K.L.:
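Can you read through this structure? Questions will come right after.
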Amino acid sequence: MTPKLTGPVRVRFAPSPTGYLHVGGARTAIYNQLLVQSLGGAFILRIEDTDRERSDEAMTQQIITAMEWLGVSVDEGPFLQSERLPRHREQAEKLLAAGLAYRDFRTPDEIEEVRRRAHAEGVTLRSLTAEVEPSEAERRVAAGEPSVVRFRMPATEIVVHDLVRGDVSFPPEVHEDFVILRADGSPTYHLSVVCDDIDMGVSLVLRGEDHLSNTPKHIALFEALGATLPDFGHLPLILGADKKRLSKRTGATSVEEFRDQGVLPQALYNYLVLLGWSPGDDREVMARDEIVAAFSADRLGSSASVFDVDKLAWMNTQYMVNLDVQQFLPEVTPFLRAVGLEDHAGTERMNAALELHRVRSANLVELAEQVGIYFGDEVTWDEKLSRKYASKDDQLVAHLEALAQRFAASDFSVEALDRALRDLAEEEELKAGVLIHPTRMALSGSKAGPPLFDLVSLMGRERTAERLAAYGRYLQDLPPIVD
RNA sequence: GGCCCCAUCGUCUAGGGGUCAGGACACCGCCCUUUCAAGGCGGCGACACGGGUUCGAAUCCCGUUGGGGCUACCA
């Protein structure tokens, strides 16, 4: 039977330090924390850094930073698995002494040969394992002969009562005696995980599906070490657009990359939560506390999902539009800095600009770029469009000049600017658009953007006058078209 | 190869024996509108296939196909 989850729970997130936080891992962390938030308990962070060559303090720090950015805080840890190696070795010795593990003196080459043969025959390795008498083993160890310690898997069916998949059973023949201590005496992953989960009192192991096949090993170890079994749950993997495991070839894979692409943490969090879980109704954009309140493990999906960057972008816009500008100011600031606008961050003018443009951007990179028009000195105009505007009104330059004067005479409120332009258009018997479009081009260098009078008002007297005048000169100097 | 998992619109999903198979992203159209967005309204679009079980299967069972995972002295 699938276990029924009751709180409090002790859960953990146990990434290996690879240098970034993978979105799949991030989602696992989110679900784990959500469980604690709805059931009570503790969320533990443990860095699986036993593979020393791949480990590095900075990588660990990066994972923590990324989690903090995402808003996933930890109750206990980070614990470094590498610091617990002596404890793991000790447990291995215990298993060895109890006869639950044994020494294997075969060389890697020999093992490979055995494996090759087993593979060819479609047979599992377990029937091919070779044990030696304990006394002989001792003698050979004393003689300095290298060996590994293998855990003896029970010859019984092992069933994983999986929280998201129901019962998954593994027949006796597939259990292979696996190495728990390498020839150099270092513990392997399976041993370390189980030892740590026991010592840390983990009551539920919620992790990626890639560990499902390893779970029988872990269950056997828990039992051999005399520990009560935690509950298990295995989350489906996240796929790329090519339906393959999400990888760098198909796009961004890490939390840090999305952050750098200008995705708000709230948006990424919300998007990730929905990738494999749903509240059961039609809600999608959900506040944090709403998610916590709605979350339950039995609504976790069991099939892999494709990461959809378009939907993420949509989600991001939702958050950019609905959050107070103040709330995401800390997030935009680095992007403003990147385009040299750092000094304006937090000013009233900048806030107004962000307010005006956030609904028009899919991410903070775009937003920072757009907002530059109010602060920089450079505008570049599109020649083809400019010609088109000029062709609609042969007096355009004069009209823009008149418009500039009327703007200057107004109080620069949105209403006054609006009236100024429309009055002029009416007097000159022009459609408003004939003036509006070139004015937009003059000021922003773009044919699209926020409502014109908001744009002009925010642009300010000085800049408006300058750009209108400069654009007039530009129009006048446009080289004639030669066919 | 062996073992295990998975399978509803292109994508994320709801639905777990009787539904016009619902919602969201994307796409298309219309409305709003000075433009671009946002928003509103509408459209396109799915139960992988084959067998059972049943009065009745998207839903339960088996098989096939497809995808994924594991199969290390990596984690």
Side-chain angles (χ1 to χ4, degrees), chain A residues 14-18 48-51 53-55 81 104 107-108 111-112 115 118-125 146-150 160 162 164-165 168-171 173-176 178-190 192-193 208-217 234 236-237 239 241 243-245 271 274-285 299 301-315 317-318 321 357-362 370 418 421-422 425 431-437 439-441 444 446-453 455:
Chain A
S16 54
T18 48
E48 315 255 280
D49 61 343
T50 48
D51 184 12
E53 297 185 9
R54 269 162 57 180
S55 302
Q81 195 157 66
D104 184 349
T107 66
I111 297 285
E112 194 178 328
R115 225 179 268 290
H119 186 278
E121 291 168 23
V123 150
T124 49
L125 235 201
S147 66
V148 297
V149 175
R150 273 183 199 277
V160 181
D162 196 284
V164 346
R165 278 150 221 287
V168 181
S169 65
F170 296 82
E173 323 82 75
V174 308
H175 307 319
E176 179 181 321
F178 58 97
V179 174
I180 53 176
L181 238 39
R182 302 187 183 94
D184 66 2
S186 63
T188 61
Y189 167 76
H190 299 300
S192 293
V193 188
E209 191 190 359
D210 45 345
H211 289 293
L212 182 54
S213 300
N214 291 328
T215 306
K217 294 184 176 72
H234 292 274
L237 266 19
L239 274 25
K243 297 249 190 179
K244 301 262 186 249
R245 197 174 180 158
Y271 176 74
L274 257 23
L275 208 56
W277 176 84
S278 92
D281 49 44
D282 289 338
R283 285 176 296 169
E284 292 206 304
V285 180
R299 298 202 55 84
S302 54
S303 59
S305 34
V306 173
F307 196 97
D308 182 358
V309 290
D310 284 340
K311 187 144 187 179
L312 208 214
W314 167 80
M315 185 67 84
T317 300
Q318 294 297 309
V321 171
H357 285 269
R358 58 182 176 162
V359 74
R360 279 164 256 272
S361 6
Q370 289 183 23
D418 192 326
L421 186 141
R422 285 181 204 285
K431 283 169 69 177
V434 170
L435 295 176
I436 285 173
H437 297 301
T439 303
R440 177 188 302 287
M441 175 60 70
S444 71
S446 169
K447 64 170 176 165
L452 182 69
F453 304 106
L455 188 151

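We name chains A, B, ... by the order of the sequence lines, and we start the count at 1 in each one. Keep in mind it's a predicted model, so treat the numbers as computed, not measured.
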K.L.:
Considering only B:rG15, B:rA75, B:rA37, which nucleotide approaches the side chain of A:R299 most closely?
P.N.:
B:rG15

K.L.:
Using Watson-Crick or G-U wobble geometry with both distances below 3.5 Å, tell me the partner of B:rC30, or none.
P.N.:
B:rG40

K.L.:
Return yes if some donor-acceptor pair links the side-chain N/O of A:R440 with the main-chain N/O of A:P450 below 3.5 Å, else return no.
P.N.:
yes

K.L.:
Name the nucleic acid region contacted by A:R358, choosing base, sugar-phosphate or nothing; use a 4.0 angstrom heavy-atom cut-off, strictly under.
P.N.:
nothing

K.L.:
Which nucleotide, in any strand shown, forms a Watson-Crick or G-U wobble pair with B:rA14, with both distances under 3.5 Å?
P.N.:
none

K.L.:
Touch check for A:F307, heavy atoms < 4.0 angstrom, all strands: base, sugar-phosphate only, or nothing?
P.N.:
nothing

K.L.:
Determine which nucleotide pairs with B:rU65, using a 3.5 Å limit on both distances of a Watson-Crick or G-U wobble pair.
P.N.:
B:rA7

K.L.:
Taking the side chain as everything from C-beta on, heavy atoms only, tell me whether A:K243 gets closer than 4.5 Å to A:V306.
P.N.:
yes

K.L.:
Would you measure the distance from the C1' atom in B:rC47 across to the matching atom in B:rA14 and give it in whole Å?
P.N.:
13 Å

K.L.:
Take atom CG of A:L212 and atom P of B:rU71, then tell me their distance rounded to the nearest Å.
P.N.:
12 Å

K.L.:
Using side-chain heavy atoms (C-beta onward) and a distance below 4.5 Å, is A:F170 in contact with A:K217?
P.N.:
no

K.L.:
Within the 4.0 Å heavy-atom criterion, would you say A:G301 contacts the bases, only the backbone, or no part of the nucleic acid?
P.N.:
nothing

K.L.:
What integer number of Å spans the C1' atoms of B:rU19 and B:rG51?
P.N.:
26 Å

K.L.:
Watson-Crick or G-U wobble partner for B:rG1, using a 3.5 Å limit on both distances?
P.N.:
B:rU71

K.L.:
Please tell me if the side chains of A:I111 and A:D104 come closer than 4.5 Å, counting only heavy atoms from C-beta onward.
P.N.:
yes

K.L.:
Send over the distance from A:K217 NZ to B:rA75 P, rounded to a whole Å.
P.N.:
13 Å

K.L.:
In whole angstrom, what separates A:H211's NE2 from B:rC4's C1'?
P.N.:
15 Å

K.L.:
When you measure from the side chain of A:S213, which nucleotide among B:rA75, B:rG69, B:rA37 comes out closest?
P.N.:
B:rG69

K.L.:
Answer yes or no: is there a side-chain heavy-atom contact under 4.5 Å between A:P236 and A:R165?
P.N.:
yes

K.L.:
What does A:H357 touch in the nucleic acid at a heavy-atom separation under 4.0 angstrom: a base, only the sugar-phosphate, or nothing?
P.N.:
nothing

K.L.:
Measuring only between side-chain heavy atoms, which start at C-beta, is A:L452 closer than 4.5 Å to A:L421?
P.N.:
yes

K.L.:
For A:V179, which contact category applies under a 4.0 Å heavy-atom criterion: base, sugar-phosphate, or nothing?
P.N.:
sugar-phosphate

K.L.:
Polar atoms only, N or O, under 3.5 Å: list the protein pairs with nucleotides 61-68 of chain B and their distances.
P.N.:
{"from": "B:rG68", "atom 1": "OP1", "to": "A:K244", "atom 2": "NZ", "distance (Å)": "2.7"}

K.L.:
Which part of the nucleic acid does A:S169 contact within heavy-atom distance under 4.0 Å: base, sugar-phosphate only, or nothing?
P.N.:
sugar-phosphate

K.L.:
For A:R165 and B:rC70, what is the distance between atoms CZ and P respectively, to the nearest whole Å?
P.N.:
13 Å

K.L.:
Side chains of A:W314 and A:V285, heavy atoms from C-beta outward: is any pair under 4.5 Å?
P.N.:
yes

K.L.:
Report which part of the nucleic acid A:H234 touches: base, sugar-phosphate, or nothing (heavy-atom distance under 4.0 Å, all strands).
P.N.:
nothing

K.L.:
At their closest point, which heavy atom of A:V164 faces which heavy atom of A:G301, and how far apart are they?
P.N.:
CG2-O, 4.0 Å

K.L.:
Classify the ring geometry of A:Y189 against A:H211: parallel below 30°, tilted from 30° to 60°, perpendicular beyond 60°.
P.N.:
parallel

K.L.:
Using whole Å, what does the distance between atom P of nucleotide B:rU13 and atom CG of A:D281 come to?
P.N.:
15 Å

K.L.:
Check whether A:T317 reaches the backbone of A:S361 with its side chain - one donor and one acceptor, N or O, closer than 3.5 Å.
P.N.:
yes

K.L.:
Measure CZ/A:F178 against P/B:rA72 and give the value in whole Å, please.
P.N.:
12 Å

K.L.:
Which base sits across from B:rU53 as a Watson-Crick or G-U pair, both distances under 3.5 Å?
P.N.:
none

K.L.:
Determine the Euclidean distance between corresponding C1' atoms of B:rU8 and B:rG23; express it in Å to zero decimal places.
P.N.:
13 Å

K.L.:
If you restrict it to nitrogen or oxygen atoms, what contacts under 3.5 Å exist between nucleotides 23-26 of chain B and the protein, and what is each distance?
P.N.:
{"from": "B:rA24", "atom 1": "O4'", "to": "A:E284", "atom 2": "OE1", "distance (Å)": "3.2"}
{"from": "B:rA24", "atom 1": "O2'", "to": "A:E284", "atom 2": "OE1", "distance (Å)": "2.3"}
{"from": "B:rA24", "atom 1": "O2'", "to": "A:K311", "atom 2": "NZ", "distance (Å)": "3.1"}
{"from": "B:rA24", "atom 1": "N3", "to": "A:K311", "atom 2": "NZ", "distance (Å)": "3.1"}
{"from": "B:rC25", "atom 1": "OP1", "to": "A:W314", "atom 2": "NE1", "distance (Å)": "3.4"}
{"from": "B:rC25", "atom 1": "O2'", "to": "A:K311", "atom 2": "N", "distance (Å)": "3.3"}

K.L.:
From the options B:rC73, B:rC6, B:rC5, select the nucleotide whose nearest atom is closest to the side chain of A:P108.
P.N.:
B:rC73

K.L.:
Rounded to the nearest Å, what distance is computed from the CD atom of residue A:E176 to the P atom of nucleotide B:rC4?
P.N.:
16 Å

K.L.:
Can you pull every protein N or O that's under 3.5 Å from an N or O on nucleotides 31-36 of chain B?
P.N.:
{"from": "B:rU34", "atom 1": "O2'", "to": "A:H437", "atom 2": "NE2", "distance (Å)": "3.2"}
{"from": "B:rU34", "atom 1": "O2", "to": "A:R440", "atom 2": "NH2", "distance (Å)": "3.1"}
{"from": "B:rU34", "atom 1": "N3", "to": "A:L452", "atom 2": "N", "distance (Å)": "3.2"}
{"from": "B:rU34", "atom 1": "O4", "to": "A:L452", "atom 2": "N", "distance (Å)": "3.2"}
{"from": "B:rU35", "atom 1": "O2'", "to": "A:K447", "atom 2": "O", "distance (Å)": "3.1"}
{"from": "B:rU35", "atom 1": "O2", "to": "A:G449", "atom 2": "N", "distance (Å)": "2.8"}
{"from": "B:rU35", "atom 1": "O2", "to": "A:G449", "atom 2": "O", "distance (Å)": "3.0"}
{"from": "B:rU35", "atom 1": "N3", "to": "A:R440", "atom 2": "NH2", "distance (Å)": "3.1"}
{"from": "B:rU35", "atom 1": "N3", "to": "A:G449", "atom 2": "O", "distance (Å)": "2.5"}
{"from": "B:rU35", "atom 1": "O4", "to": "A:P451", "atom 2": "N", "distance (Å)": "3.0"}
{"from": "B:rC36", "atom 1": "O2", "to": "A:R360", "atom 2": "NH1", "distance (Å)": "3.1"}
{"from": "B:rC36", "atom 1": "O2", "to": "A:G449", "atom 2": "O", "distance (Å)": "3.3"}
{"from": "B:rC36", "atom 1": "N3", "to": "A:R360", "atom 2": "NH1", "distance (Å)": "2.6"}
{"from": "B:rC36", "atom 1": "N3", "to": "A:G449", "atom 2": "O", "distance (Å)": "3.3"}

K.L.:
Side-chain contact, heavy-atom cut-off 4.5 Å: A:V168 with A:H234?
P.N.:
no

K.L.:
Are the side chains of A:E48 and A:S192 in contact, using a 4.5 Å heavy-atom criterion?
P.N.:
no

K.L.:
Choosing from B:rC73, B:rA14, B:rA75, which nucleotide comes nearest the side chain of A:V148?
P.N.:
B:rC73

K.L.:
Once you round it to whole Å, what is the distance between C1' of B:rU71 and CD1 of A:I111?
P.N.:
14 Å

